[in-house]
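In what follows, chains carry the letters A, B, and so on, assigned in the order in which the sequence lines appear, proteins first and then strands, with residues in each chain numbered from 1.
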Amino acid sequence: MDQPGQNAAFRKISGADLANGMGSSLLPGPMPGVECSMPVHTIATILNSQVSLGCRITVQGWVRTRRDSKAGLSFIALHDGSCFDALQVIAPNDLPNYLSEVVHLTAGCALRVSGEVVASSGKGQAVELHADQIDVAGWVEDPETYPIAPKPHSFEYLRTVAHLRPRTNSIGAVARVRHCLAQAIQRFFHEQGYLWVHTPIITASDCEGAGELFRVSTLDRVNPPRTVEGHIDFEQDFFGRETFLTVSGQLNVEAYCLALSKVYTFGPTFRAENSNTSRHLAEFWMVEPETAFADLHANANLAEALLKFIFQAMLEERADDLSFFAQRIDKTCIQRLEQVVNSPFERMAYNEAIRILEQADRPFEFPIQWGMDLQSEHERYLADDYVGRPLILMNYPKKIKSFYMRLNDDGQTVAAMDVLAPGIGEIIGGSQREERLDVLDARLDELGMSKTAYNWYRDLRRYGSVPHAGFGLGFERTISYVTGMSNVRDVIPFPRTPRSADF
RNA sequence: UCCCCGGUAGCUCAGUCGGUAGAGCAAGUGACUGUUAAUCACUGGGUCCGUGGUUCGAGUCCGCGCCGGGGAGCCA
C-alpha cells in the first residue's frame, strides 16, 4: 500500500537506476533527488515473506512460462534472478492489454508488473502477485526460435547460447552460487586478517613453471621488428621486453607476504595449455593465500578452514539453489557439503599414499613406484574410495614439484600439498616455500633455470626471509564440487577453451 | 596433443539391408482448465555439420576437415 513511510523503507527508483540495473536492489534508505511512485521489489523478498500480504508493489523480470485459464485469467511465472524460484503473477482478463498483449507473452519476454501481494489459492506457492498493471518492456521477436525453451536443455547446447543461458534454472543458480562463494572467500580472509593483494595480470616472467603462456604484444603481427639475428625484437614491444598473461600471482604475492604477513590474491589467471577436459579452462579464477611464519601444516589447516567456511556459507545462504542441484544435477551435493563441514580432512604423506596404492586390491594402468607423480586413477582411488572425503596429500618427491617448494630434511621430498576432493580431483595445490637462499639457488641450478631472471624473488630470501607457505584454490573446480556441475565450462559465465572464445 | 564416441526439425533423439525424413518436447491455432514439466486435437517447421569420393541411387559406406562429449596428459 502507498502509505507514507513505507516507501522510505526502500530506496526509491529512477529511470536512470533502472537503466543501470539497479531497479531490483533493495538498499535501505532514500536516495535524495530520486522520485518514483512505487517501490520495486525483488522476487526474493516477496517469496521470503519480507513483503506483507496486501501490499501493492512492482516487480520486474522475465517470463518463464505463461498458462491461460478460461476462468478469466492467466498465470505468468516471472523470474528476476534474485532467487531460484519464479513468482507466480495472476493476470486477470480485465487488464486493458490482456487480449492484445498478455495472452501473447512467451518465455523470455521482459515485464514490469504492479499489483497486490496475496495468498495463493493454488497449490505450488504460498504467495503470488495479483496484477493490476503489466507493462511489456521487451518482446521476444520470434518465440519459435527463442533459444531457451521452457524445457530441459543439454549443457553442451547451452554453451552455444552463452549470452542467453543465464536465463535457465541451472546457469542462473550457478551464477548465484558463484557469487556466494566469492563473497564467502573474501569474508573469510578479511575476518582472518588477510589483505587482498591485486597482483599483476601482465608478467614478464616466462618461466613461472605452471604452464604455457599467452603472449601480450603490440608489435605488428605481419612484419614484426627483427634483431640482427632475425629474432623478433621485443625490445621494441610495448614493455620493452617479452610479456605474457599471468599463470599465477604467487611469486608476486610472496613479496607482499614478506611485508604484510597475511595476504591473498583472487583474480583471473591464464594458461595456454591445449587442455580439453571438463576440469580445465584457458582463463580461470584462482585464490592464492600466502602466510608468513607459516609451515606446511599451518597451510593445510588454512586450506581446510577456508573450504569449511565457504561451504558453510553455501548451506546457509543458497539453500534454494542447492536443493535444485540436489534434485536435478547431483543427488549427493548437499550431504557432501555437510560432511565436509563437519568432519576433519584426512592428511596423508606421499610415502603413505604410495604404500596404500601398492596394497590396493585393484589394478592400475600406471604401476605404482616411489617417485612417480600420482595419476588421475591413483588420486581418484585415494580420495573417492580409500578416504571418501577431502584428502590432503603432503611431502611429494622434489623431482615432480616446482623449484620454489621447500626442501625437506630428507633431501628427497619437498613440503608440497595437494587437496584432493572426491569426484573432482585436485582443487588445491600448495606448498611451504623455500626461504633459504642457498637451497633455492641450488634448486635453480639443478633445474637449469636462470638466477638473474629471479633476482627480485631471490632478494626476498636475502632481506628478512622467513618461513612462509601458500596455496592455490581453483575457483571453478570449487564451484563444480559444490554444485555437482561436472564441467567447469558451465560454472564460468563465458568459458575460454582451446579454439573457443565466443561471446 | 593422444584414444574412444557422436553431429538428422528451435531443443532432445530414432532412422533397419544404401531406395529420397520420423517421434517427443517447443512454437502456432482451437478446446478445456486456479494453472504450475498442465492436458487434448490440429497445423507449420529439414543445407541430415562441411567437403571430396564409391554407387543407377548416400542421412546411411569410404577419405579429409570442422565442432561437441567421455577418458588420458598438463594442472587449478
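Listed by first then second residue, pairs satisfying ring pair (Phe, Tyr, Trp, His ring centres under 6.0 Å) with a partner in residues 45-71 of chain A number zero, not counting sequence neighbours. Residue pairs satisfying the ring pair (Phe, Tyr, Trp, His ring centres under 6.0 Å) criterion with at least one member in residues 117-160 of chain A, sequence neighbours excluded, are listed as follows: A/H153-A/Y157. A ring pair (Phe, Tyr, Trp, His ring centres under 6.0 Å) check over residues 63-106 of chain A, counting only residues at least two apart or in different chains, returns the pairs A/F84-A/F324.
Scanning for side-chain contact (heavy atoms from CB on, under 4.5 Å) contacts around A/T199 gives A/V197, A/N252, A/V253, A/T265, with sequence neighbours left out. Residues meeting the side-chain contact (heavy atoms from CB on, under 4.5 Å) test with A/E304, sequence neighbours left out: A/K308, A/P344, A/F345, A/R347. Contacts of A/E156 classified as salt bridge (Lys or Arg N to Asp or Glu O under 4.0 Å), with partners at least two apart in sequence or in another chain: none. Residues satisfying the side-chain contact (heavy atoms from CB on, under 4.5 Å) criterion with A/E446, sequence neighbours excluded, are A/K398, A/R443.
Two residues, A/F284 and A/E377, neighbour RNA chain B, and the one matched to the more 5' nucleotide by heavy-atom proximity is A/E377.
The CZ atom of A/R271 sits 10 Å away from the C1' atom of B/C74 (whole-angstrom rounding). Following rounding to the nearest Å, A/I492 (CD1) and B/A76 (P) show an atom-to-atom distance of 16 Å. With rounding to whole Å, A/L374 atom CG is found 16 Å from B/A72 atom C1'. The CG-P distance, from A/L281 to B/C74, rounds to 18 Å in whole Å. Whole-Å rounding puts the A/R279 CZ to B/G71 P distance at 7 Å. Atom CZ of A/F270 is separated from atom P of B/A76 by 16 Å (rounded to the nearest Å). Taking atom CD on A/E365 and atom P on B/A72, their separation rounds to 9 Å, with Å as the unit. Per the geometry, OH belonging to A/Y264 stands 20 Å off P belonging to B/A76, to the nearest Å.
Aromatic ring centres of A/F475 and A/F266: separated by under 6.0 Å. Residues A/Y404 and A/Y457 place their aromatic rings such that the two centres sit no closer than 6.0 Å. Between A/F284 and A/F270, the ring centre distance reaches or exceeds 6.0 Å.
Taking a cutoff of 4.0 Å between a charged side-chain nitrogen and a carboxylate oxygen, A/E476 and A/R279 do not qualify as a salt bridge. Residues A/K70 and A/D68 are not paired through a salt bridge, judged by the lack of any N-O separation under 4.0 Å between the basic side chain and the carboxylate. Ion pairing of A/E283 with A/R271 is absent here, as no side-chain N (NZ or NE/NH1/NH2) approaches a carboxylate O to less than 4.0 Å. One finds a salt bridge joining A/R362 and A/D385 here, because a Lys/Arg side-chain nitrogen approaches an Asp/Glu carboxylate oxygen to under 4.0 Å.
Using C1' as the reference atom, B/G65 and B/U20 are 26 Å apart when rounded to the nearest Å. Here, B/C62 and B/C4 have their P atoms 14 Å apart, quoted to the whole Å. B/C56 and B/G7: their P atoms are spaced 28 Å apart (whole Å). With both ends at atom P, the span from B/C5 to B/G63 equals 12 Å, rounded to whole Å. The same atom, P, is picked in B/G68 and in B/G28; the two are 32 Å apart, to the nearest Å. Rounded to whole Å, the C1' atom of B/G50 lies 23 Å from the corresponding atom of B/G45. Taking atom C1' in both B/C25 and B/C40, the straight-line distance is 16 Å, to the nearest Å. Distance check on atom C1': B/A27 versus B/G46 gives 16 Å, rounded to whole Å.
When the side-chain nitrogen and oxygen atoms of A/R67 are compared with OP1 and OP2 of B/A38, one or more of them lie within a distance under 4.0 Å. Distances shorter than 4.0 Å separate none of the side-chain N or O atoms of A/S376 from OP1 or OP2 on B/C75. At least one side-chain nitrogen or oxygen of A/Q375 sits closer than 4.0 Å to the OP1 or OP2 atom of B/G73. Look at A/R499 and you'll find a side-chain N or O under 4.0 angstrom from OP1 or OP2 of B/C67. Considering only side-chain N and O atoms, A/R489 lies under 4.0 angstrom from the phosphate OP1 or OP2 of B/G69. Side-chain nitrogen and oxygen atoms of A/R64 include none within less than 4.0 Å of the OP1 or OP2 phosphate oxygen of B/U35. A close approach under 4.0 Å does not occur between any side-chain nitrogen or oxygen of A/T277 and OP1 or OP2 of B/A72.
Contact annotation: side chain of A/E273 to base of B/G73, donor-acceptor pair absent below 3.5 Å. A donor-acceptor contact under 3.5 Å links the side chain of A/S275 to the base of B/C74.
The stretch residues 473-483 of chain A comes close to RNA chain B through A/G474, A/R477, each having a heavy atom under 4.0 Å from the strand. Of the residues in residues 83-107 of chain A, those with a non-hydrogen atom less than 4.0 angstrom from any atom of RNA chain B are A/Q88, A/I90, A/T106.
A/T160 comes within contact range of no nucleotide atom at all, as no heavy-atom separation falls under 4.0 Å. Using a 4.0 Å heavy-atom distance criterion, A/N276 is classed as a base contact. Note on A/G122: a base of the nucleic acid sits closer than 4.0 angstrom, heavy atoms only. Residue A/E283 is out of contact with every strand shown, counting any heavy-atom pair closer than 4.0 Å. Within 4.0 Å (heavy atoms only), A/S74 reaches no atom of the nucleic acid at all.
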Between protein and nucleotides 9-12 of chain B, what N or O pairs are separated by less than 3.5 Å?
residue	atom	partner	partner atom	Å
B/C11	O2'	A/K151	NZ	3.4
B/C11	O2'	A/H153	ND1	3.3
B/C11	O2	A/K151	NZ	2.5
B/U12	OP1	A/S154	OG	2.9

Tabulate protein N/O versus nucleotide N/O from nucleotides 31-33 of chain B, keeping only pairs under 3.5 Å, one per line.
residue	atom	partner	partner atom	Å
B/U33	N3	A/D68	O	2.8
B/U33	O4	A/D68	O	3.1
B/U33	O4	A/K70	N	2.8

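Taking a pair to require two hydrogen-bonding distances under 3.5 Å in either a Watson-Crick or a G-U wobble arrangement, B/U29 pairs with B/A41. For B/U51, the paired base is B/G63 (Watson-Crick or G-U wobble, both distances below 3.5 Å). Pairing of B/U35, defined by two Watson-Crick or G-U wobble distances under 3.5 Å, is not identified with any nucleotide.
Closest approach of A/S114 and A/T58 over heavy atoms only: OG-OG1, 2.8 Å.
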Listed pairs under 3.5 Å, donor-acceptor, residues 492-503 of chain A side chains, sequence neighbours left out:
residue	atom	partner	partner atom	Å
A/R496	NH1	A/D502	O	2.9
A/R496	NH2	A/F503	O	3.3

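Between A/R176 and the choices A/D85, A/D321, A/D80, the salt bridge (charged side-chain N to carboxylate O under 4.0 Å, His left out) rule is met once, by A/D321.
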